[in-house]
Amino acid sequence: MALLEIKNATKAFGGLKANEDVTFNVEAGSIVGVVGPNGAGKTTLFNSISRTHDLTSGQIIFDGKDITKSKAYQACAAGMGRTYQIPQALEDMTVLENITVGALLKRSKVFDAMEKAKEISEFCGLSEFNEKLASGLNVMQKKRLEIARALAGEPKILLLDETMAGLNGVERDEAIELIRRINKSGVTILMIEHVMKVVMSVSDKVVVIVSGKKLMEGTPDEVVTHPEVINAYLGGGHNAGR
């Protein structure tokens, strides 16, 4: 069953079409990777899905409901969590306070939200930093905090925008493990990722975006062996980006 349906999504900025006629589904419980060259329109697509901005044409169906005209906060309340390529931490607040802000989406009492935040912080490997200001975290920790804050809102689907960017090999492996655990907990994941090792490791399906259009979708193995994908993006198979 499709939890998220993107139907003929087109987004134009003046005469420039950042996305054109993009269509694919995200099945409930799955991990779907979105890949493509820089400037392909991946983050623009995420912004349309999460309702940061409106589509020029097309539809976004989430959990059986048309959210094409919804606001971002309405999509979030419906069960859509989202992270950003550049972490958006509340830097003058502690790690636990940041996560608590996310938990207040579903909890009206601060105490209840904070208890949920402690649980999520532990799950994401951040509990030792609970009392530390977010401004003092390193890149990996800030990316984990971004994920934790989104998870605290108990999303049905989590949109991850390049969570591996700037991480070393060990940090990347730890992040992959976290993504797997999030998915096993029942959260569907749609992720933008440049590192093909990550896409190959965790994705059930991969969607390739080139010049704003969907080039193809398929299993990781189908994608990395597809001649057009290799020419357009990988430049040498699934070793690219390792």
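Both backbone and side-chain heavy atoms feed into the values below; hydrogens, waters and symmetry mates do not. In what follows, residues are counted from 1 in the order of the sequence shown.
- A 4.5 Å side-chain heavy-atom check between M93 and V101 finds at least one atom pair inside the cut-off.
- Residues L133 and D92 have side chains not in contact (no heavy-atom distance under 4.5 Å, counting atoms from C-beta outward).
- Minimum heavy-atom separation, I147 to L158: CG2-CD2, 4.3 Å.
- You'll find the side chain of M191 stays beyond 4.5 Å of the side chain of V34, heavy atoms only.
- The 12-atom threshold is exceeded at NZ of K132, counting heavy atoms of other residues, nucleotides or ligands nearer than 6.0 Å.
- Within the cation-pi definition used here (under 6.0 Å to the ring centroid, within 45° of the axis), R82 does not qualify as a partner of F46.
- In this structure, the side chains of K17 and N19 stay at 4.5 Å or more apart for every pair of heavy atoms.
- Two residues are said to be in side-chain contact when any heavy atoms from C-beta on lie closer than 4.5 Å; L190 and L4 meet this criterion.
- The residues R51 and D54 are annotated as salt-bridged, a charged nitrogen and a carboxylate oxygen being separated by less than 4.0 angstrom.
- Using a cutoff of 4.0 Å between basic side-chain nitrogens and carboxylate oxygens, E193 and R172 are not scored as salt-bridged.
- Remark: K11 is positioned above the aromatic ring of F13, its terminal NZ or CZ atom under 6.0 angstrom from the ring centre and at most 45 degrees off the axis.
- No salt bridge links E146 with K143; every basic N to acidic carboxylate O contact stays at or beyond 4.0 Å.
- Contact check for V35 versus H194: no side-chain heavy atoms found under the 4.5 Å cut-off.
- Using a 4.0 Å cut-off between charged side-chain N and carboxylate O, K213 and D21 make no salt bridge.
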